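Worksheet: the structure to be examined is printed underneath.
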Amino acid sequence: MEGDKSTDQHVIAAAQHLVKALKDRTSLSDEVRRTLADLDIHLAAMTEAKEDETTSFKEIEGRLKSAEAKIMSLQSNCLKLWDTGPSNQLLEYLQNVEEVRSIIVSLESMVLNKNRKQSRLTNQAHSVLQIAMVRLQEEVINILAQSKQCFEHAYVSFHSCEETVVDEEMMVSIEYDSIEGTSCLDSSRAESEECIIMDLVHPGVVPYIKSIADLMLASHYVQEFCQVFIRFWKDALYEYLGLFCMQQISIEDVLRMDWASLNCRIKKWRQATKNVIAFYLPSERNLFDQILGEFGSVSSTCFIEVSKDAMMCLLNFGQAVAIGPLLPERLFCLLDMYELLRGLCQDVDALFCVNHGNSIQVEYHELMKNLGDSAKAIFLGLGNRIASNTSTTPFQGGGVHPLTKYVINYFMLLSEYYVTLRFLLEDREVENSGEVVDTLVKLDISSEIPCPLAFHLQSITSRLESNLEDRSNLYKDDSLKHIFLMNNIHYMVQKIKNSKLRTCFGDEWIKIHIVKYVQHEKSYERKTWNSIISLITGYEKLGKAVLKERCRNFSIAFEEVYKNQTGWTIPDIDLRDDLNVSIGLRVIHAYRTFAGKVRKSLSEKHIKYTEEDLEEYLLDFFQGSAKSLNHHWRR
């Protein structure tokens, strides 16, 4: 200001000096005349500019007053502008706010001078604009709230948690035919979900929201628009997660959950993760790009800010499950979770590929790796678990042991994850090939196994066979030992040869194990019936007294076997029938010849059981219900 005053004084002094000089002159030179003419032109231009500036300020002031009046008039209504009809008052309001914004641009483009009117108009316009921006924030929330669409039911439905939980009791008590329909084998788990873009708001309101966004961002109210936009959609996403009962839960709480509750929660997590990543977030990203796509990284920044908390909620739960105890019953849920994340990888990489979304992408891939590692560790530890499952008490009845049912039915479930398991195991490098060869030889496994999965399955099966062999040695009766091994090996063969895992074991394995259980069947027959049949053969040169004794000893021996072996069990009907037929062919044939000799040499009264009696009694064998023969001797 002091500089301006000094300049003015110099100009005034120069002008006074010029006037005084001109009074003393009666004529002017051409040069003086030209200088005075230039001075006259310059003074005229300055006067005209002053008049134009005054006119311009008056015009701007009039425009500002008109726009401000309309804005204040529209805001005086207690209703939101959108509620009065989107094509009327809202559009009029936006036009007037745009007018205020353009006035500010015009004022700020003028050369700044000491004109107080210019400063006053600029401040007034900014004040009106700020009031309008606050109202537009409220309008954005109101429009979004009224036009928010609900997802179709198909994209939020999930099975009830009152489904079968895969545990040891289930694996032992049911057969594979019924396992195929249980919840642990979600028929949709391995299917890749096609990304479907849904309308999160009614399509008709998108242009209006975009108009508000364009105006607020052009007015440099980017933060204010993004703040309400992010808050609304963040709340909407948490509301959507609530449909799946997914909320923040600590790792400690997850680790403390009982298996049934955790299994239920994992099912909901899978549904939530699939729906959020495959349907909701792509739809949200599409909406954000429609509204904010023209403003560089603003759309991506808002999208990541909205989605990161919900994504971390899902990922943190997954990590809590991944670091949980490595129990066999958890394997299927871990594989389900791993398959789901693997199937959604491309979607996640597309959604969070920008730099500020990279942390979510990294966390996602880290979780997938951890789930795969945990699943792999459980599978590779099955052999040791089987080996450590020992007992000092023989299994009553010699039937299929619960451990055999557990392991083989476990395999049947694993067959549904064949591709995933093979991928995980082939991804694991074998550190010492010499150790693998030693294991193959020790466990009598073919060295021509096609893949690591086949190797480990056969290794686990060999551990099971060794365990069963140890358990069979607990029986005092050698015959029951062979029945036990026959039952269990037959069960293994029948299950495996009729399953998807047949390719992992191969025809050679099946042939070898068929021979094994047939050998145990023959060994049982020899141990049980050779000594009994010897009582009714080689009698040609025997005297009547010895013949009578043979009759009596045979009946006693048969009754003893009947009493014991009717309590034994062969669960497989075909196997039981085949063995009964084989026994019948040997025993009945020998007994029929022997009985004929007795009838000729002695009399009918020495024959306690007829051939038909024996045939009928043999049918009672291996039914699991001990019986006794209490017939008296015929007199």
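These figures come from a predicted structure and were not determined experimentally.
For the pair Arg270 and Phe244, the cation-pi test (distance below 6.0 Å, angle within 45°) is failed.
The backbone N or O of Leu351 lies less than 3.5 Å from a partner atom in the side chain of Arg285, making a donor-acceptor pair. Between the side chain of Asp253 and the backbone N or O of Ile249, no donor-acceptor pair lies under 3.5 Å. When atom types are taken as modelled, the side chain of Asn389 and the backbone of Arg385 share no donor-acceptor pair closer than 3.5 angstrom. Remark: side-chain polar atoms of Asp199 are not paired, donor with acceptor, to backbone N or O of Val201 under 3.5 angstrom. The closest donor-acceptor contact from the side chain of Asp347 to the backbone of Ala278 lies at 3.5 Å or more, if one exists at all. No side-chain donor-acceptor contact under 3.5 Å links Trp269 to the backbone of Phe317. Checking side-chain atoms of Ser388 against main-chain N and O of Asn384 turns up a donor-acceptor pair under 3.5 Å. Remark: the backbone N or O of Ile197 is not paired with any side-chain donor or acceptor of Asn286 at under 3.5 angstrom.
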Worksheet item: Taking it one step at a time, do Gln623 and Thr566 satisfy side chain to side chain donor-acceptor pair (under 3.5 Å)?
Response: CA-CA 6 Å; Gln623 297 283 355; Thr566 52; over 6 Å; no

Practice prompt. Just do the ring pair (Phe, Tyr, Trp, His ring centres under 6.0 Å) check on Phe395 and Tyr475 with the steps written out, would you?
Written response: CA-CA 8 Å; Phe395 182 58; Tyr475 293 108; 8.2 Å; no

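Salt-bridge formation is detected for the pair Glu239/Lys148: a Lys NZ or Arg NE/NH1/NH2 atom is positioned less than 4.0 Å from an Asp or Glu carboxylate oxygen.
In this structure Glu366 satisfies the side chain to side chain contact (heavy atoms under 4.5 Å, CB included) test together with Gln319, Asn370, sequence neighbours excluded. Every residue was checked against the ring pair (Phe, Tyr, Trp, His ring centres under 6.0 Å) condition with Tyr364, not counting sequence neighbours, and none meets it. Listed by chain and number, the residues in a side chain to side chain contact (heavy atoms under 4.5 Å, CB included) with Glu252 are Ser250, Arg256 (sequence neighbours excluded). Take Phe295 and apply the ring pair (Phe, Tyr, Trp, His ring centres under 6.0 Å) test, not counting sequence neighbours, and it matches no residue. For Asn580, there are no side chain to side chain donor-acceptor pair (under 3.5 Å) partners at least two apart in sequence or on another chain. By the side chain to side chain contact (heavy atoms under 4.5 Å, CB included) test, Val518 pairs with Ile514, Lys522, sequence neighbours left out. Listed by chain and number, the residues in a side chain to side chain contact (heavy atoms under 4.5 Å, CB included) with Cys313 are Gln248 (sequence neighbours excluded). Taking Ser391 as the reference, nothing meets the side chain to side chain donor-acceptor pair (under 3.5 Å) condition, with sequence neighbours excluded. In this structure Ser299 satisfies the side chain to side chain donor-acceptor pair (under 3.5 Å) test together with Asp289, sequence neighbours excluded. In this structure, the side chain to side chain donor-acceptor pair (under 3.5 Å) partners of Tyr524, at least two apart in sequence or on a different chain, are Trp529, Gln565.
The two residues Ala375 and Leu331 make their nearest non-hydrogen contact at O-CD1, 3.2 Å. Between Gln149 and His202 the shortest heavy-atom distance is CG-N, 3.6 Å.
Between the CG atom in Leu501 and the OH atom in Tyr418 there is a gap of 8.5 Å [rounded to 0.5 Å]. Taking CE from Met337 and CG from Leu367, the interatomic distance works out to 6.0 Å, rounded to the nearest 0.5 Å. Once rounded to the nearest 0.5 Å, the distance linking CG of Asn487 with CD of Glu521 reads 10.5 Å. To the nearest 0.5 Å, atom CD1 of residue Ile386 and atom OG1 of residue Thr404 are 9.0 Å apart. Taking CG of Leu485 as the start and NZ of Lys516 as the end, the distance is 10.0 Å to the nearest 0.5 Å. Distance check, rounded to the nearest 0.5 Å: OH of Tyr238 to CG of Leu243 gives 14.5 Å.
Between the side chains of His513 and Glu465, at least one donor-acceptor pair of N or O atoms lies under 3.5 Å. For the residue pair Ser466/Arg463, the side-chain donor-acceptor check at 3.5 Å is not satisfied.
Residue pairs that meet the salt bridge (Lys or Arg N to Asp or Glu O under 4.0 Å) test with at least one member in residues 501-512, sequence neighbours left out, are Arg502-Asp507.
Ring planes of His490 and Tyr517: perpendicular class, angle over 60° (limits at 30 and 60°). Ring-plane geometry between Phe484 and His401 is classed as perpendicular, the angle between the planes exceeding 60 degrees on a 0 to 90 degree scale with a lower cut at 30. The aromatic rings of Phe332 and Tyr410 sit tilted relative to each other, their planes meeting at an angle between 30° and 60°.
Within a 6.0 Å radius of CD in Glu469, more than 12 heavy atoms belonging to other residues, nucleotides or ligands are found. Annotation for Lys527: atom NZ does not count as buried by contact number, only 12 or fewer foreign heavy atoms lying within 6.0 Å.
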Using atom types as modelled, flag every donor-acceptor pair under 3.5 Å from a side chain in residues 567-576 to any protein atom, sequence neighbours excluded.
unit_1	atom_1	unit_2	atom_2	d
Trp568	NE1	Asn564	O	3.4
Asp572	OD2	Asp574	N	3.2
Asp572	OD2	Leu575	N	2.8
Arg576	NH1	Ile570	O	2.7

